[in-house]
Amino acid sequence: MFRSLKKLMEHEGVLGFYKGNGASVLRIVPYAALHFMTYEQYRCWILNNYSALGTGPFVDLLAGSAAGGTAVLCTYPLDLARTKLAYQLTGTRGRFGTGTSCIHAQPAYHGIKDVFRSVYTEGGVRALYRGVGPTLIGILPYAGLKFYVYEELKRHVPEEHQKSILTRLSCGALAGLLGQTFTYPLDVVRRQMQVESLQSSVQQGDQRFKSTMQGLTTIVRTQGWKQLFAGLSINYVKIVPSVAIGFTVYDMMKTWLRVPPRENTRSVSA
């Protein structure tokens with residue numbers, strides 16, 4: 001990880017660390033809002049219509065999976081734009097400690113609008129959702145596991161510690177760790193599908209992956225099974241604190257906004 005950071009700093013400077021960050025911020029705001037809002041709505045709908053399932057963690061698993069799929073479908077083009085902006089070659093002139101200058105290739109895209117315009121011109125609306133298959137296949141168990149593990153861990157925490165920020169952060173971190181580990185190979189396939197157009201334009205090759213399963217088998221056959229987990233350690237550094245902070249802030253915001261506890265939510269809505 002540190003070698004990659006050093007290389008990125010040398011080639012692209014500090015701004016290279018934030019390539020595609022504008023698209024990432026534009027995506028994460030509606031994505032997180034939809035994710036948490038639809039989770040609560042799906043959970044309430046399941047409890048009201050399928051009471052036989054009870055109120056246990058299985059409901060959190062179903063509601064979390066459905067919420068993750070809904071949020072992905074609504075924000076996927078922004079995720080595609082973020083990935084393309086982050087993976088592209090940059091056109092910057094850098095000066096290193098030796099005093100020599102280096103000119104890199106010009107960027108393929110000049111912003112989010114340019115990505116949308118270029119991708120839409122190449123393949124229409126369908127192109128804006130390239131790679132959504134493995135994303136959905138990955139997000140359904142990932143989002144479900146996140147909410148399942150987080151809510152289940154909180155149920156086993158003594159009541160006097162349930163409002164502790166450290167406790168919530170710990171539960172969220174474990175939820176992100178387990179969810180990311182089980183679904184990471186699908187994320188690798190998704191990103192390779194998203195950047196294939198950039199690779200094919202350089203290599204003049206055809207698209208390699210036509211489905212999620214084909215992507216998995218091709219990567220294992222040509223690059224080895226370890227490639228399915230390439231970059232997982234870096235993802236731990238990013239995802240685990242991200243999920244922990246997300247769940248903690250969400251619970252704290254509900255308290256500050258005086259949202260009724262879940263036990264009362266059903267009676268109020270009824």
Side-chain angles (χ1 to χ4, degrees), residues 1-29 31-32 78-112 114-115 118 131 134-135 138 142 169-170 172-174 176-203 205 208-209 215-216 218-220 222-246:
M1 179 177 67
F2 293 107
R3 186 182 302 174
S4 298
L5 291 172
K6 181 180 178 181
K7 187 175 182 180
L8 185 62
M9 181 69 179
E10 291 175 349
H11 283 221
E12 304 181 27
V14 176
L15 293 179
F17 295 133
Y18 292 91
K19 278 195 306 181
N21 189 55
S24 182
V25 172
L26 287 176
R27 167 190 168 272
I28 201 63
V29 172
Y31 176 85
L78 288 170
D79 185 50
L80 181 71
R82 177 193 62 168
T83 301
K84 286 185 176 292
L85 288 171
Y87 274 70
Q88 69 180 344
L89 298 175
T90 57
T92 57
R93 179 186 296 270
R95 185 173 296 275
F96 304 105
T98 58
T100 59
S101 298
C102 176
I103 300 177
H104 301 285
Q106 291 297 316
Y109 304 107
H110 301 279
I112 300 173
D114 189 34
V115 174
S118 177
T135 302
Y142 172 61
L169 285 171
S170 301
L174 285 172
L177 181 69
L178 293 175
Q180 185 66 198
T181 302
F182 285 119
T183 62
Y184 189 75
L186 295 169
D187 193 53
V188 172
V189 176
R190 171 177 67 91
R191 294 199 180 277
Q192 291 207 19
M193 291 181 72
Q194 287 179 336
V195 300
E196 267 183 354
S197 60
L198 291 177
Q199 295 172 344
S200 61
S201 64
V202 176
Q203 301 172 357
R208 295 176 298 163
F209 304 155
L216 289 170
T218 301
I219 291 175
V220 172
T222 60
Q223 304 173 41
W225 66 268
K226 290 184 178 180
Q227 186 63 29
L228 294 176
F229 294 92
L232 180 58
S233 59
I234 299 177
N235 243 38
Y236 282 154
V237 176
K238 169 182 178 289
I239 294 296
V240 171
S242 174
V243 174
I245 293 171

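The structure displayed is predicted, hence computed values, not measured ones. The first residue in the sequence is number 1, and the count goes up from there.
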Euclidean distance, L15 CG relative to L8 CG, rounded to 0.5 Å:
10.5 Å
Looking at T183 and G179, would you say the former's side chain and the latter's main chain have a donor-acceptor pair under 3.5 Å?
yes
Sequence neighbours excluded and cut-off under 3.5 Å, please list the side-chain donor-acceptor pairs for residues 236-246, or say none.
unit_1	atom_1	unit_2	atom_2	d
Y236	OH	T181	OG1	2.5

Pair up each side-chain donor or acceptor in residues 225-233 with any protein partner under 3.5 Å, not counting sequence neighbours, and list the distances.
none

Does the side chain of L186 come within less than 4.5 Å of L216's, by heavy atoms?
yes
If the condition is ring pair (Phe, Tyr, Trp, His ring centres under 6.0 Å), which residues does Y31 pass it with, not counting sequence neighbours?
H35
Check this for me: F17, atom CZ, are more than 12 non-hydrogen atoms of other residues, nucleotides or ligands nearer than 6.0 Å?
yes
